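Okay, structure first, notes after.
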Amino acid sequence: MRSDTVTKGVQQAPHRSLFHALGYTAEELERPLVGIVSSYNEIVPGHMNLDKITEAVKRGVSMAGGTPIMVPAIAVCDGIAMGHIGMKYSLVTRDLIADSTEALALAHQFDALVMIPNCDKNVPGLLMAAARINVPTIFVSGGPMLAGRVKGQKRSLSSMFEAVGSYAAGTMSEEEVCEFEKNVCPTCGSCSGMYTANSMNCLTEVLGMGLPGNGTIPAVYSERIRLAKHAGMQVMELYRQNLRPSDIMTEKAILNALTVDMALGCSTNSMLHLPAIAHEIGMDFEIDFANGISEKTPNLCHLAPAGPTYMEDLNEAGGVSAVMHELNKKNLLHTDCMTVTGKTVGENIAGCVNKDPEVIRPIDHPYSETGGLAVLKGNLAPDGSVVKRSAVVEEMLVHEGPARVFECEEDAIEAIKGGKIHSGDVVVIRYEGPKGGPGMREMLNPTSAIAGMGLGSSVALITDGRFSGASRGASIGHVSPEAAVGGPIALVEEGDRIRINIPELKLEMDVPEEELERRKAKWQPKAPNVTTGYLARYASMVTSGNRGAILEIPKKN
């Protein structure tokens, strides 16, 4: 056992004395030590139930012969952090989580791990850590929130942000906004649409690192507690078989995740996190992979914000396994991939049934023949940009309009809510990328304001920042290279014609090449927004959005 390093032999007597100080018995130290990495806290709605999930996991580990030891992982609530300096600290926590979990696991020599995440960045952060540590590991999330109800209709957090935009437009009263406020988030859990947290929990299941149901069983269901107990028991089976993340998170598993991403219509943030996870397993992930997979993968689900269905509906329809079963009818998955069940993907999904063809479209009757995400390129985004195609209304799939240029998110929101943005405009928000932000803030406030002002079918938004999974419309993010490093988005001027063609995967500005060269020669880098602390260190090491905003040690000249 790896833990023998700290529990066996006379030389380890000092180590054991510290375990005795913790109350562990000699019998417990004879068993494998299983780190239970819990993201429980009292600030993130998706995490307030993780104490119960953690206790259930610990019980499962104990029943199966292990010694569970809880250690913490941090998490940020993107909704609470939205629209202010707090959002600069969201994406950057992904690497803090990976690094701190690596440190905890290796410093204490755990034999196996159970990861208990739920929200946006701690799911991929813990997947990255699992790949690095590479001891038998299983994931069990806290589960999604149930949808709220306002005036008899199911609603979610994206509805809340859009209600604020409607209030600014004068089409909703303060009393109506208050009704949304009190009802759109009715339970604990990760917000109820196919936002980033639920996207990544579903993809964890596809990667083979979570048991079936991990992505969709609602947080408030007792079934989630039973799942947690089974995860605790199953990690001991993984330990006995020495089945590790390197056996499960392979290149084929990453491609499976990207395929199911297309079918589910996941958040654009998955195009930051899958490359980062791939990097940890040594896979060179080019975001262009998305277009090749999208071309042959139909979009089967329109979960909120793309449509009127929610995570609870996907769960009742058969969950992620039912979606994978539909995809396998056209042999779109690598079914030989191993999973934490101890069985292959093919064995796991055999016999699964699509119980609701309105929630999960049959493979021969999809919402579209192509997947939910698209990577656009052109002279505005030479290294790529990302759009959630499944959440774009048909009339905006091809769009041309004048650029309305803003140097930060706050200025854009002020203009949108001030009625200064008009039908046909293309809002450009720059210097919000991984380096320029720093931290690549989400733009849910401006996209929601555009939708709430009634401009969702006539105004596009382009940024080197990123979007919440709750964003919808012609919202194109991750524009690379970003403005802070002199990417073409830094050269856009007010009134330039911007051409968007999502079917043809193009994002261009109608500016002659010689004019762009003239602007480039005059361009000067902006002074950094932050010069001290973690954000400054992050900005010095982070790569562009098209590479997953991974961290690299800067090369010396």
Side-chain angles (χ1 to χ4, degrees), residues 120 124 158 193-203 206-207 215 254-278 285-307 320 323-324 327 332-333 361 366-378 381 383-394 396-398 440 442-444 447 460-480 500-507 545-549:
D120 294 33
S158 55
M194 187 53 79
Y195 308 152
T196 306
N198 291 324
S199 294
M200 292 310 302
N201 280 325
C202 288
L203 296 185
V206 180
L207 284 168
I254 295 284
L255 295 177
N256 277 349
L258 191 51
T259 298
V260 177
D261 186 324
M262 294 297 169
L264 286 172
C266 289
S267 164
T268 52
N269 283 315
S270 63
M271 293 303 293
L272 284 173
H273 302 322
L274 286 178
I277 296 163
F285 187 110
E286 296 289 339
I287 63 170
D288 286 5
F289 289 159
N291 289 337
I293 288 179
S294 177
E295 188 176 339
K296 61 184 180 181
T297 306
N299 177 228
L300 304 182
C301 300
H302 266 191
L303 295 144
V320 174
V323 175
M324 295 175 74
L327 293 172
L332 295 174
L333 297 173
R361 288 280 185 92
Y367 281 102
S368 65
E369 294 294 339
T370 52
L373 298 180
V375 174
L376 314 183
K377 285 191 171 183
D383 293 339
S385 61
V386 182
V387 63
K388 189 171 183 176
R389 172 165 38 191
S390 60
V392 179
V393 294
E394 187 173 357
M396 289 297 290
L397 291 172
V398 178
M440 205 177 186
E442 287 184 344
M443 302 291 163
L444 180 57
T447 58
L461 195 156
I462 297 171
T463 182
D464 52 6
R466 61 195 178 92
F467 294 106
S468 164
S471 292
R472 61 187 176 98
S475 304
I476 302 168
H478 309 195
V479 171
S480 301
I500 301 165
N501 192 318
I502 295 174
E504 294 186 6
L505 309 173
K506 292 181 180 178
L507 178 62
N546 70 298
R547 296 187 59 202

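Quick caveat: nothing in here was measured; it's all calculated off a predicted structure. Scope of the values below: all heavy atoms of this structure, side chains included, with no hydrogens, waters or symmetry mates.
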Problem - Distance-minimising heavy-atom pair for Asp383 and Asn546 - result: O-CB, 3.4 Å

Completion exercise
Interatomic distance, OG1@Thr268 vs CD1@Ile476, rounded to 0.5 Å, equals 11.0 Å

Problem - Side-chain heavy-atom pair Ile462, Ser385 within 4.5 angstrom cut-off - result: no

Problem - side chain to side chain contact (heavy atoms under 4.5 Å, CB included) against Thr259, all qualifying residues, sequence neighbours excluded - result: Ile293, Thr297, Leu327, Leu332, Leu333

Problem - Shortest non-hydrogen contact from Met440 toward Gly545 - result: CE-CA, 4.1 Å

Handout entry: Option among Thr463, Val386, Asp464, Ile287 that satisfies the side-chain contact (heavy atoms from CB on, under 4.5 Å) test with His478
Key = Val386

Fill in the blank from the handout: One should read off an interatomic distance between Ser390 OG and Leu303 CG, to the nearest 0.5 angstrom, of 9.5 Å

Handout entry: Asn198: partners by side-chain hydrogen bond (donor to acceptor under 3.5 Å, both in side chains), with sequence neighbours left out
Key = Ser190

Exercise for the section: Just jot down the side chain to side chain contact (heavy atoms under 4.5 Å, CB included) partners of Ala304, sequence neighbours excluded, or say none. Expected result: Ser156, Tyr310

Handout entry: Any side-chain donor near an acceptor of the partner, Arg389 and Ser368, under 3.5 Å
Key = no

Exercise for the section: List for me each residue that meets ring pair (Phe, Tyr, Trp, His ring centres under 6.0 Å) alongside Phe467, sequence neighbours excluded, and say none if there are none. Expected result: none

Handout entry: Contact summary for Met262 and Ser294, nearest pair of heavy atoms
Key = SD-CB, 3.8 Å

Exercise for the section: In plain terms, say whether Lys377 and Asp288 are close enough for a salt bridge, that is, a side-chain N and a carboxylate O under 4.0 Å apart. Expected result: yes

Problem - With Glu504 via side chain to side chain contact (heavy atoms under 4.5 Å, CB included) - residues at least two apart - result: Asn501, Lys506

Fill in the blank from the handout: Between Gly473 and Val392 the two heavy atoms that sit nearest each other are O-CG2, 3.3 Å

Exercise for the section: Verify side chain to side chain contact (heavy atoms under 4.5 Å, CB included) between Cys202 and Met194, making sure each step is shown before the conclusion. Expected result: CA-CA 9 Å; Cys202 288; Met194 187 53 79; 4.1 Å; yes

Handout entry: Distance, nearest 0.5 Å, that separates CZ of Arg547 from CD of Glu286
Key = 8.5 Å

Fill in the blank from the handout: Quick note, ring-ring contact (aromatic ring centres under 6.0 Å, His included) partners involving residues 287-307, not counting sequence neighbours, are Phe285-Phe289, His302-Tyr367

Completion exercise
The complete set of side chain to side chain donor-acceptor pair (under 3.5 Å) pairs with one or both residues in residues 466-477, sequence neighbours excluded, reads Ser90-Arg466, Glu162-Arg472, Asn269-Arg466, Glu442-Arg466, Thr447-Ser471

Practice task
List for me each residue that meets side-chain hydrogen bond (donor to acceptor under 3.5 Å, both in side chains) alongside Asn256, sequence neighbours excluded, and say none if there are none.
Solution key: none

Handout entry: Nearest heavy atoms of Cys266 and Leu373, plus distance in Å
Key = O-CD2, 3.5 Å

Fill in the blank from the handout: Residues passing the side chain to side chain contact (heavy atoms under 4.5 Å, CB included) test with Ala460, sequence neighbours excluded, are Met396, His399, Val426, Ala474, Ile500

Handout entry: side-chain hydrogen bond (donor to acceptor under 3.5 Å, both in side chains) involving Ser270 - partner list, sequence neighbours excluded
Key = Asp261

Practice task
State, yes or no, whether a side-chain contact exists between Ile502 and Val398 at a heavy-atom distance under 4.5 Å.
Solution key: no

Fill in the blank from the handout: Residue set satisfying side-chain hydrogen bond (donor to acceptor under 3.5 Å, both in side chains) with Arg361, at least two apart, ordered chain then number -> none

Handout entry: Taking every non-hydrogen atom, the tightest pair across Met271 and Val375
Key = CE-CG2, 4.3 Å

Practice task
State, yes or no, whether a side-chain contact exists between Pro366 and Asn299 at a heavy-atom distance under 4.5 Å.
Solution key: no

Handout entry: Flag side-chain contact, heavy atom, 4.5 Å: Ser199 against Leu264
Key = no

